[in-house]
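These notes concern the structure reproduced below.
Order of the sequence lines fixes the chain letters, A, B, ..., with proteins taken first and strands second; residue numbering starts at 1 for each chain. Basis for what follows: all heavy atoms, side chains included, without hydrogens, waters or symmetry-related copies. Keep in mind it's a predicted model, so treat the numbers as computed, not measured.
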There are 2 protein chains.
Amino acid sequence: MKKETTRTELPLNRILGGDCIEVMRALPAESVDLIFADPPYNLQLRGELHRPDNSRVDAVDDAWDQFDSFRAYDDFTREWLAAARRLLKPDGAIWVIGSYHNIFRLGAELQNQGFWILNDVIWRKSNPMPNFRGKRFTNAHETLIWASKSENSRYTFNYEALKALNEGVQMRSDWVIPICTGSERLKNERGEKAHPTQKPEALLHRILIGTTNPGDVVLDPFFGTGTTGAVARMLGRNYVGIEREAEYREIAERRLEKVRPLPADVLEVSTSKRAEPRVPFGQLVERGLLRPGEELYSLGNRFRAKVRADGTLVGKDVKGSIHKVGAQLEGAPSCNGWTYWHFKRDGKLVPIDMLRQQIRAEMSGARPN
Amino acid sequence: MKKETTRTELPLNRILGGDCIEVMRALPAESVDLIFADPPYNLQLRGELHRPDNSRVDAVDDAWDQFDSFRAYDDFTREWLAAARRLLKPDGAIWVIGSYHNIFRLGAELQNQGFWILNDVIWRKSNPMPNFRGKRFTNAHETLIWASKSENSRYTFNYEALKALNEGVQMRSDWVIPICTGSERLKNERGEKAHPTQKPEALLHRILIGTTNPGDVVLDPFFGTGTTGAVARMLGRNYVGIEREAEYREIAERRLEKVRPLPADVLEVSTSKRAEPRVPFGQLVERGLLRPGEELYSLGNRFRAKVRADGTLVGKDVKGSIHKVGAQLEGAPSCNGWTYWHFKRDGKLVPIDMLRQQIRAEMSGARPN
DNA sequence: CCAGGTGCTGAATCCCCCA
DNA sequence: ATGGGGGATTCAGCACCTG
């Protein structure tokens, strides 16, 4: 049963037909920045499942034979996840979505394969289908798991952009988003909904804005009618879709043709201070913005320190960087010297960070960027 | 190494010392209606964490939360779940709570053992701890799983009572409840929090109202400081607690002594068979059961509000119906004012729902029901 | 008595570059 | 690979104090 697979180049912004496990195995390793996966959880699919040795799992229709069906689902999960993992760049990440039918098995297998869970996120549906028989709670949410490829991955997280999306408050792990209805819901020629579990674009919008950058490659191995691709294309990300059903692929192709990518300037998002160019404190002295020997005053004006010619400070029994001296004086584990230390101008105390901003402004002025 | 265990009778309304797996193995099979379990989460924390103001976060670093590997945690989960399962009556059910660190392994093992998941429920914290380094989403929720012993269990679900708790709308799978702080949070002699992970009583209140009946037996194998027992006792349910740490047991004993069980008539919950007559809150004032100006006290005694002559309440910065004011004070989408607000009689706090029951009794007149 | 400000805390897998 | 050091980072609720 061994199949010869030729590793192709990664075809960007295309939908690939076929079984996602086989297709992924033929793609180049470590070529993808983000994976979004909405795998099937319908246990009726078990007839199409394969064990790791590629033997087919017998169709088991008996409802009581849960153990075998869970095992088959776990085998399927293990295989596609391993194939997906291979494609991820070392600093890549994955999102999976599911309900209580499958999310626990999915999450456990993610952990087993060495993915590092960063958050579980609750998609809280503002308009869920009620529980008609009154025997359970309204199933009003689905669960997403966001995980990096490994514990030490430097994953992408646009903290400031998400905070801005959330009215200036840190984005939480529970997201209120309506289900996909109305004109967004795709129909087939017969007027029926084209796909049973089409996800809202708002969900993918938040995921892609928050955990990818423009130009990144986003892979969706269960592409369906292409929500991931549509949002990726709109947001200037590259997508790779894999879908087994020809009908879904055709609908997705037509959908993607209509998407107009947004211009680059709109795609710029708020960035954190971490992204700003580094300015050594010594430059302030070199450029004469602070004189050697000048006195600096701590936040709260409890301590003083003197600037030395090499860009270090000297205070009472302490010397070192602006950060180190501040931390030692405060007895704190760390200290941001830029906001901690102040200098005197016209009798007023001004944070030295103002001088850093001045230098940064000059730097960006030189480079028209 | 075989240990002879004598199967004792089930000791009701007591806290049992020792390892919960061993203790459960010594209890009689099929004797429990509901299990609530808050097992260790296996947090796997690395270094210290500081807030932006440099204060240190008091982490959950207790020995009982340390496991060497996922394998070790899975073994532990398998054993305690199996022991718990044996104790459940055929129509019994279980609730477990966890975070992304452990909930996927917990859910998968529940399924493996033949439990039938009925819902996963999201506890949305109205006041979670933020993410201090801006590297992830605020971890603003925990996940509960509600499962019956088997697929065909006729589990208890008080649909109408929960609907009433939710202002007449079907209860959803996401619950907004504040974390346990303030006066509800138990302290030890040193003034520190007595238990690092004490759960809010409101969470147990909803679980016990929704999925048990008065007189049922509720087992909590990780009893801690006894939240499950306290709410069970208040609501006229029997509890069995198991806790390994003597210090937690002593605190729980003292806590439970103080709990006053509610009278039986208050515990009757709505049934779908016969709708209870609606009683406007204003009738309590008209009839002189409550005086205008009288002070009401919130569940948990955190808030107060004053009764106005028109049957509305006025609290700090809020006025309106008993439901609306309760919801606003709690920051919750809704609130059942009848069970939320209490008045003082003979120095004790009594839910205003008792007065409604009184009026209903009068209304039903000849029918003693 | 109220308004406003300060301080503390909560189940947390919480940095990243460079030598 | 590992260590050192620059320097970035928080929301809601309650207790307590001051004016």
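Picking from C/dT13, C/dA11, C/dG10 the nucleotide with the shortest atom distance to the side chain of B/K193 gives C/dG10. Of all nucleotides listed (C/dC16, D/dT9, D/dG6), D/dG6 comes nearest to the side chain of A/S321. Residue A/R278 has its side chain nearest to D/dG7 when only C/dA11, D/dG7, D/dT9 are considered. Here the nucleotide nearest the side chain of B/E142, chosen from D/dT10, C/dA11, C/dT13, is C/dA11. Picking from C/dA12, D/dA8, C/dC17 the nucleotide with the shortest atom distance to the side chain of B/M129 gives C/dA12. Checking C/dC14, C/dG10, D/dA8 against every side-chain atom of B/N131, the shortest atom distance belongs to C/dC14. Among the nucleotides C/dA12, D/dT9, C/dA11, the one closest to the side chain of B/I179 is C/dA11. Side-chain proximity of B/R185 to the nucleotides C/dG10, C/dA12, D/dA8 is greatest for C/dG10. Here D/dC11 is the nucleotide among C/dA12, D/dC11, D/dT9 with the atom lying nearest to any side-chain atom of A/V169. Among the nucleotides C/dA12, C/dT9, D/dT9, the one closest to any side-chain atom of B/D53 is C/dT9.
Between B/D65 and B/P40, some side-chain heavy-atom pair lies under the 4.5 Å cut-off.
For C/dT13, the OP1/OP2 oxygens have a side-chain nitrogen or oxygen of B/N139 closer than 4.0 Å. Phosphate proximity of C/dA12 to B/R56: absent, as no side-chain N or O sits under 4.0 Å from OP1 or OP2. Regarding contacts with the backbone of D/dT10, every side-chain N or O of B/R51 stays at 4.0 angstrom or more from both OP1 and OP2. Dashed line: the shortest gap from a side-chain N or O of A/K324 to OP1 or OP2 of D/dG5 is under 4.0 Å. For B/K135 and D/dA8, the shortest distance from a side-chain N or O to OP1 or OP2 is not below 4.0 Å.
The glycosidic torsion of C/dT13 lies within 90° of 0, which places this base in the syn conformation.
The aromatic rings of B/F76 and B/F67 sit tilted, their planes meeting at an angle between 30° and 60°. Aromatic ring pairs are classed by plane angle as parallel below 30°, tilted from 30° to 60° and perpendicular above 60°; the pair B/W95 and B/W146 is parallel. Classified by interplanar angle (parallel below 30°, tilted 30° to 60°, perpendicular above 60°), the ring pair B/F222/B/W80 is perpendicular.
Contact annotation for B/P200: no contact, since no heavy-atom pair falls under 4.0 Å across all strands.
For B/T227 and B/R255, the side-chain atoms include at least one donor-acceptor pair closer than 3.5 Å.
A 3.5 Å limit on both hydrogen-bonding distances identifies no Watson-Crick or G-U partner for D/dA8.
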